[in-house]
Amino acid sequence: MRRDYFTCVFLGLIAGALMFVCFAPLYFVYGGTVPRDFGLFERLMSLLYALFFVFFLPFFAAFRDKVWVNWGLAAYGVLIYLPKFFYPAEALISGNDPKFTKMLLAVLLRGIYGMMQAPFAALSPLVGDKAASALVYWILPMALIWPFVMKIFRFYRRAYLSEQLNPMPKVKPAVTTAHTGPAVKPEVLGTVITAPVVAASPDEVTGKAVLSQNNARESNNAIEEPKEKEAPAIQLEAPASGEDESPTIRLDAPVAEEKKEDQPEKAKTPDVIELGAPPPPGFQYGSGISPDNVENDNDTL
């Protein structure tokens with residue numbers, strides 16, 4: 001689709017220029033002009049052609065980011081420079097026996113020059129012949145300059161908008177380093193030469209060995225701890241025959257121990273509350289006198 005833009009613009013410019021050639025004779029020819037009069041319609045169409053293809057279309061295509069339109073305009077603008085740089089000298093096309101290729105090239109370049117200058121011929125009474133013939137040379141620069149101008153404008157516009165949305169702080173914060181410890185010594189590059197090591201004497205070796213043995217012995221003594229006694233197992237069932245009986249814990253109520261035969265039984269004393277004088281020694285209540293009678297007797301006394 002983008003290549004279609006290029007083709008349509010390039011062929012549209014050629015078709016518009018041929019319209020002026022077909023309906024009006026040439027005014028600008030290679031090397032001079034052919035004077036003639038211009039009508040109002042031809043002047044109006046020349047003005048519209050110049051404004052649209054030289055000024056408006058290059059700017060609008062660059063603004064809408066239609067690069068292929070500008071490339072089509074630039075390709076058409078290159079054609080006007082071909083007669084200026086590749087037209088053969090007059091000596092090569094004049095004489096009795098000119099070369100056919102040179103004659104064909106001269107005719108082709110003259111036709112390109114007259115076709116591209118025809119749309120601007122009617123502007124010569126307004127701006128002059130020199131200015132009118134120079135308008136066609138502006139197509140190529142305008143087609144190339146406007147895209148670069150719009151790119152620069154968009155770049156600075158985006159930079160301005162980003163700065164407005166995310167403004168930078170006026171005072172820059174102090175730079176703090178993450179390393180707060182002691183200074184790290186730089187690594188030594190190259191070969192490091194150390195002082196020679198002197199062999200230890202036999203006494204020093206013996207003393208170090210004894211010291212290491214003592215330290216190892218003390219560390220072993222500190223690590224060792226007395227073993228805990230194993231707790232007796234709780235057996236809830238009768239031990240199997242042939243096995244050693246282990247201490248058991250009874251879960252029922254304890255049985256009272258049997259009375260020893262050696263200890264005599266203590267005589268029980270009746271729970272009697274005496275209110276009168278104590279009976280005489282050797283007096284027993286079983287002789288027919290009850291404690292109630294004693295109390296009554298005491299009351300009567």
Side-chain angles (χ1 to χ4, degrees), residues 1-39 42-43 45-58 61-62 66-148:
M1 189 65 182
R2 294 178 179 179
R3 295 179 181 179
D4 294 340
Y5 292 159
F6 172 83
T7 306
C8 292
V9 171
F10 181 77
L11 296 178
L13 285 165
I14 294 177
L18 290 175
M19 293 292 292
F20 287 91
V21 176
C22 293
F23 294 97
L26 293 177
Y27 180 80
F28 291 110
V29 295
Y30 187 81
T33 58
V34 179
R36 67 179 181 87
D37 296 331
F38 301 99
E42 187 178 0
R43 292 181 181 182
M45 294 303 295
S46 296
L47 182 63
L48 293 177
Y49 186 93
L51 291 176
F52 184 78
F53 288 106
V54 178
F55 299 101
F56 176 75
L57 187 59
K66 305 294 183 181
V67 183
W68 288 97
V69 175
N70 291 92
W71 284 116
L73 290 170
Y76 180 78
V78 171
L79 295 178
I80 194 60
Y81 291 92
L82 297 180
K84 188 175 182 180
F85 294 103
F86 297 101
Y87 190 82
E90 293 294 336
L92 297 177
I93 59 176
S94 62
N96 296 328
D97 191 12
K99 293 183 178 181
F100 178 75
T101 56
K102 297 295 181 182
M103 291 292 296
L104 183 61
L105 180 63
V107 172
L108 180 62
L109 294 178
R110 283 184 179 182
I112 292 174
Y113 181 83
M115 178 194 68
M116 298 187 70
Q117 290 286 358
F120 305 99
L123 298 177
S124 58
L126 301 176
V127 295
D129 294 343
K130 187 176 181 179
S133 63
L135 287 175
V136 70
Y137 293 97
W138 290 12
I139 297 177
L140 178 63
M142 297 292 285
L144 296 179
I145 290 173
W146 275 117
F148 289 102

State the CG-CG distance between L140 and L144, to the nearest 0.5 angstrom. 5.0 Å
Distance-only donor-acceptor pairs under 3.5 Å for side chains of residues 70-78, two or more places apart:
from	atom 1	to	atom 2	distance (Å)
N70	ND2	P58	O	3.2
N70	ND2	A143	O	3.3

Distance check, rounded to the nearest 0.5 Å: F52 atom CZ versus L47 atom CG? 13.5 Å
Between F53 and Y49, how do the two ring planes meet: parallel, tilted or perpendicular, split at 30° and 60°? tilted
Go through it in stages, so that I can follow the logic: the residues are F86 and Y81, the test is ring pair (Phe, Tyr, Trp, His ring centres under 6.0 Å), and I'd like the CA-CA distance, side-chain angles, deciding distance and then a yes or no. CA-CA 8 Å; F86 297 101; Y81 291 92; over 10 Å; no
Minimum heavy-atom separation for M115 to L18, with atom names? SD-CD2, 3.7 Å
Restricting to non-hydrogen atoms, name the atom on I80 and the atom on P83 that form the minimum distance, rounded to 0.1 Å. O-CD, 3.4 Å
To the nearest 0.5 Å, how far apart are CZ in F100 and CG in L105? 11.5 Å
Side-chain touch P119/M45, heavy atoms, less than 4.5 angstrom: no
Distance, nearest 0.5 Å, that separates CG of L57 from CG of L51: 12.5 Å
Would you find a donor on one side and an acceptor on the other, under 3.5 Å apart, between the side chain of Q117 and the backbone of F28? no
Yes or no on side-chain contact (heavy atoms from CB on, under 4.5 Å) for T7 and L11, after CA distance, side-chain angles and deciding distance? CA-CA 6 Å; T7 306; L11 296 178; 3.7 Å; yes
How would you list all residue pairs meeting side-chain hydrogen bond (donor to acceptor under 3.5 Å, both in side chains) that involve residues 13-37, not counting sequence neighbours? Y27-D129, R36-E42
Taking all atoms of both residues into account, what is the closest heavy-atom pair of F38 and A122, and its distance? CD2-CA, 3.7 Å
Side chains of F20 and S46 in contact at under 4.5 Å (non-hydrogen atoms): yes
Taking the six-membered ring of Y113, is NZ or CZ of K84 closer than 6.0 Å to its centre and within 45° of its axis? no
Inter-residue atom distance S133.OG - M116.CE, 0.5 Å rounding: 13.0 Å
Looking at M19 and F23, what are the two nearest heavy atoms and their distance? O-CD1, 3.1 Å
